[in-house]
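What follows is a set of notes on a single structure, which appears directly below.
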2 protein chains.
Amino acid sequence: MTSAPNWLSDEEQRTWRAYLHATRLLEDHLDRQLQRDAGMPHIYYGLLVQLSQAPRRRLRMTELAKNSKITRSRLSHAVARLENNGWVKREDCPSDKRGQLAILTDAGYEVLERTAPGHVAAVRQAMFDRLTPEQADQLGEIMRVMAQGLQPTDAKADLPWLR
Amino acid sequence: MTSAPNWLSDEEQRTWRAYLHATRLLEDHLDRQLQRDAGMPHIYYGLLVQLSQAPRRRLRMTELAKNSKITRSRLSHAVARLENNGWVKREDCPSDKRGQLAILTDAGYEVLERTAPGHVAAVRQAMFDRLTPEQADQLGEIMRVMAQGLQPTDAKADLPWLR
DNA sequence: GCGATCTAGTTCAACTTTCAAGAAGTGTCC
DNA sequence: GGACACTTCTTGAAAGTTGAACTAGATCGC
């Protein structure tokens with residue numbers, strides 16, 4: 001990092017600022033919406049959604065963490081809390097004795113059934129209702145590009161000179 | 001909410017999922033980058049940036065909270081921590097005895113000088129280097145629309161029938 | 001088979017965030 | 001000027017997150 005800093009242009013700064021504002025406001029908004037209506041933060045709700053879409057409503061912890069882009073530590077705490085609520089239960093993984101399966105309970109499923117419509121409405125109102133179809137497409141493409149670039153790959157894959 | 005839920009289309013779901021992934025990965029990435037290089041989370045760093053750009057490097061707490069899209073409570077805690085680090089100091093507001101000014105110290109300014117280039121590089125690498133100029137423009141416009149829709153306005157302004 | 005190494009998941013302590021409550025100052029209306 | 005409502009900011013406790021350390025089981029190399 002010995003070269004002169006490559007500062008953002010005015011336009012880039014405006015975009016970056018808008019990105020920070022929009023993402024922060026939206027996450028706060030959804031956190032409050034779900035805390036009020038479902039009694040849990042947005043990310044916990046997302047865990048239940050993941051489980052509900054998995055075969056037999058169950059996933060290995062690591063799998064669930066990867067899908068949700070959170071650390072295993074955070075997931076451990078989250079699942080412990082959801083288990084306390086009776087919305088998730090754990091089982092030992094039969095094929096790998098280190099493994100744990102997180103399983104969506106019927107009670108958990110019912111919470112989703114009850115709260116999903118309101119949540120979708122909130123997402124729609126904040127995002128899709130305000131964007132033109134073209135903008136929604138653009139956003140999808142942009143977010144895919146960014147997500148791909150940030151994906152934690154095998155460290156080695158990024159360091160070919162070490163192979 | 002008595003009508004049938006207006007579920008997201010497949011395409012919308014893909015976009016929403018990509019949005020969640022990208023924003024989560026990026027925020028985590030920047031948090032780690034700044035925790036490592038500057039010893040504070042991204043949002044704290046953003047507070048110092050705000051202050052550095054304000055006249056006389058100072059802002060009223062409420063102003064700073066609004067600019068940064070965080071609650072005043074959160075800001076109180078954050079500034080207390082930054083004050084402990086010696087990067088910010090507080091002063092009473094002369095014109096309003098309830099008010100507090102948060103002021104960037106020289107030490108705080110130096111932290112920014114030292115760490116800003118690396119942070120900008122991280123932002124660039126994660127976002128602007130991966131997007132075409134057209135996409136960057138689109139993203140800016142999209143984020144402005146979303147932020148505007150989520151702006152906590154006067155409650156009354158949203159409820160004209162109550163005026 | 002066995003030691004070295006790697007992976008899955010949890011736990012602990014330190015830190016951050018949230019929400020509700022409260023202290024203190026301002027503004028308004030009469 | 002005094003009651004009332006509102007704003008500013010802080011505090012404290014509960015909840016959530018982080019990163020490192022740890023246990024247990026799997027896997028690799030020989």
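For clarity, every value in this text was computed on a predicted model and none was experimentally measured.
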To the nearest angstrom, how far is [X] atom [atom1] from [N] atom [atom2]?
| X | N | atom1 | atom2 | answer |
| --- | --- | --- | --- | --- |
| B:L64 | D:dC9 | CG | P | 10 Å |
| A:H42 | C:dT17 | NE2 | C1' | 17 Å |
| B:N85 | C:dC15 | CG | P | 10 Å |
| B:R72 | C:dT17 | CZ | C1' | 16 Å |
| B:I43 | C:dT16 | CD1 | C1' | 11 Å |
| B:I70 | D:dT10 | CD1 | P | 12 Å |
| B:D92 | D:dT8 | CG | P | 16 Å |
| A:D28 | D:dG16 | CG | C1' | 14 Å |

[X] near the nucleic acid: base, sugar-phosphate alone, or nothing, with a heavy-atom cut-off under 4.0 Å?
| X | value |
| --- | --- |
| A:R36 | nothing |
| B:D96 | sugar-phosphate |
| A:L75 | nothing |
| B:R32 | sugar-phosphate |

Any N/O pairs under 3.5 Å between the protein and nucleotides 3-5 of chain C? List them or say none.
none

If you check every side-chain atom of [X], which of [options] has the closest atom?
| X | options | value |
| --- | --- | --- |
| B:S76 | D:dC9, D:dG25, C:dG9 | D:dC9 |
| B:S73 | D:dA26, C:dC19, D:dT17 | C:dC19 |
| A:T71 | D:dT18, D:dT10, C:dT18 | D:dT18 |
| A:H77 | C:dG9, D:dT18, D:dC9 | D:dT18 |
| B:Q100 | C:dT17, D:dC9, C:dA20 | D:dC9 |

Q) When the nearest nucleotide of DNA chain C is assigned to B:K97 and to B:G39 on a heavy-atom basis, which residue is associated with the more 5' position? A) B:G39

Check whether [X] reaches the backbone of [Y] with its side chain - one donor and one acceptor, N or O, closer than 3.5 Å.
| X | Y | value |
| --- | --- | --- |
| A:E63 | A:R60 | no |
| B:R90 | B:I103 | no |
| B:H42 | B:D28 | no |

Q) Between B:R90 and A:R74, who's closer to the 5' end of DNA chain D by nearest nucleotide? A) B:R90

Q: Find which nucleotide of DNA chain D each of B:R98 and A:Y44 is nearest to by heavy atoms, and output the residue with the more 5' nucleotide.
A: B:R98

(Q) Other residues, nucleotides and ligands only: do more than 12 of their heavy atoms fall within 6.0 Å of CZ on B:R114? (A) yes

Q.
Is there a side-chain contact between B:R81 and the phosphate of C:dT16, meaning an N or O under 4.0 Å from OP1 or OP2?
A. yes

**Q.** Hydrophobic cluster membership, B:W7 vs A:L30, 4.5 Å side-chain cutoff
**A.** yes

Q: Compare all side-chain heavy atoms of B:K69 with those of B:Q151 and state whether any distance is below 4.5 angstrom.
A: yes

Q) Should the pair A:Y19 and A:W16 be assigned to parallel (<30°), tilted (30 to 60°) or perpendicular (>60°) ring geometry? A) parallel

(Q) Applying side chain to side chain contact (heavy atoms under 4.5 Å, CB included) to A:R81 and A:N85, what does each step give before you reach the verdict? (A) CA-CA 6 Å; A:R81 197 272 222 185; A:N85 284 305; 2.7 Å; yes

